[in-house]
Number of protein chains: 2
Amino acid sequence: MATDPQSVRNDTALTQAERSAASDRAMLDAAIDLVLEHGTDKTTLAMIGERAGKSRGLATYRFGSKGGLYDALCKSISRDWLACLTERVGDKVGIDAMCTALDAIHDFVTRSPREGRVLQILHAGAASPSSEFRQTSIDIHGRQQSDVAEWVRRGQAEGSIRNDVDADAVAGQYIAYITGMTHLWLVSPDTFNFKSANADMKRQLRASLAVQGAQ
Amino acid sequence: MATDPQSVRNDTALTQAERSAASDRAMLDAAIDLVLEHGTDKTTLAMIGERAGKSRGLATYRFGSKGGLYDALCKSISRDWLACLTERVGDKVGIDAMCTALDAIHDFVTRSPREGRVLQILHAGAASPSSEFRQTSIDIHGRQQSDVAEWVRRGQAEGSIRNDVDADAVAGQYIAYITGMTHLWLVSPDTFNFKSANADMKRQLRASLAVQGAQ
DNA sequence: AGTCACTTGCTTGTTGACAGCAAGTTTTGG
DNA sequence: CCAAAACTTGCTGTCAACAAGCAAGTGACT
């Protein structure tokens, strides 16, 4: 009973959990900076640890390996993106949900351009056979695709989407388009007009999915 | 005319140019193997030189750097792909050209799966800020996109494509879709049905671009 | 033909940097 | 005070990049 931890801990002292959470965040933030500057391969674990105000070895110690760190970073940003998406889409379904998702992508990339770019770079890296978050990337795409397919099915149920389209096929095309569009924007942001591409896509979605005369 | 080099050269002796061309090819072939096995980053220049039957230092000497080698490899495979594409498409225009190009992709990936996969991996790598063939990748996409836009315009000129669509916007969407589709197929070939995705896309192209009542 | 000056293809030695590990040191908390 | 957790430092093997060199090829001139 005698000891009271809080009485002897000053402002800077944190609990163990707080310490590690804070240093994890600092290192992931540093990793975002460095990946944007130098890419994933020319960023070193020592650079990440030191920019986070820690030692050169901490990143390795905490995340196990370079791939492990990027996997954690991918999951962290994906969480934010998913939060942004679900907040925007809410419980919309059908064409509305698909169009709102396009807006959500644009919003996320505008509000968090650094995180958005890094997420793209990481997903692109999943193409490599040696990638450690290949499976993570596959899972994310799979989940997004089944979400979209569900939007389409509910749109058909409520009568806003034609019944003669295959929900899974539409979802596949939609996800492929988004994947390609974000990749092209990432590689050359100047020659790619995100906003007008989105407007075109929305028009396209309505034209090909909406039931005749509806909307 | 006095000297006749060919008379004194035996079977195994090659001219300098032939020698370097042969070793370049051998190293690019070795690089394809190794990139498929280990990815770009875990493949070493020494491995490439040695699998090509040469020394560990030749790849660096000839291509200057790891990035330089991958840039050369990207250009080499792109040449084959472009040849395959132009052979298939010929002087088709409009929706025909766009659908044939989808078939050409499927053909190329079926006939040269190794080259196709490596090309995808390299293009994905262009996402990194440190990539040395970033510009190469941008140029290739730009050229493809303007080719597609030209197909659309000629299709409009010959009356097979509606006049109220914007050729550049259509080309952008088409290229974005192809980019995403090939990426998704690369990352998880098992969960992605290339053939049926192509069929869906063709239907989609005809539905959204064809003049009412034509075809 | 012969040999000499020069170029080109290729190999080997070396250096600096990095990932990953292991053995330590400091901080926390009971 | 001591165990556990957070963190640092020392070290090793590997790699990209470079540089110095060797050997085969090439052309010019006799």
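Source: prediction; values computed, not measured. Chain identifiers are assigned alphabetically (A, B, ...) following the order of the sequence lines, protein sequences preceding nucleic acid strands; residue numbering begins at 1 within each chain.
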To the nearest Å, give me how far apart CG (L69(A)) and P (dC18(C)) are. 16 Å

Output all residues satisfying side chain to side chain contact (heavy atoms under 4.5 Å, CB included) with R117(B), sequence neighbours left out; order by chain, then residue number. R134(A), L36(B), W185(B), L186(B), P189(B)

How long is the line joining CZ of F63(A) and P of dA6(D), in whole Å? 12 Å

For residues 42-55 of chain B, which residue pairs pass the salt bridge (charged side-chain N to carboxylate O under 4.0 Å, His left out) check, not counting sequence neighbours? D33(B)-R51(B), E37(B)-R51(B)

Do nucleotides 8-21 of chain D as a string where each nucleotide becomes B, S or -: B if the base has a protein heavy atom under 4.0 Å, S if just the sugar-phosphate does, - if no protein is that close. BBBB---SSB----

R25(B) CZ to dG9(C) P, straight-line distance once rounded to whole Å: 17 Å

Could I get the full list of salt bridge (charged side-chain N to carboxylate O under 4.0 Å, His left out) partners for D168(A), not counting sequence neighbours? R153(A)

Tell me whether D139(A) is salt-bridged to R143(A), with the criterion being a basic N under 4.0 Å from an acidic carboxylate O. no

In whole angstroms, the gap separating C1' of dT7(C) from CZ of R19(B) amounts to 13 Å

Tabulate below the donor-acceptor pairs under 3.5 Å that side-chain atoms of residues 99-108 of chain B make, not counting sequence neighbours, or state none.
from: T100(B); atom 1: OG1; to: K92(B); atom 2: NZ; distance (Å): 3.3
from: T100(B); atom 1: OG1; to: D96(B); atom 2: O; distance (Å): 2.7
from: D103(B); atom 1: OD1; to: K202(B); atom 2: NZ; distance (Å): 2.8
from: D103(B); atom 1: OD2; to: K202(B); atom 2: NZ; distance (Å): 3.2
from: D107(B); atom 1: OD2; to: R88(B); atom 2: NE; distance (Å): 2.9
from: D107(B); atom 1: OD2; to: R88(B); atom 2: NH2; distance (Å): 2.5

In whole Å, I'd like the distance from the CD atom of E18(B) to the C1' atom of dG25(D). 12 Å

Could I get the full list of side chain to side chain contact (heavy atoms under 4.5 Å, CB included) partners for S137(A), not counting sequence neighbours? H123(A), A126(A), H141(A)

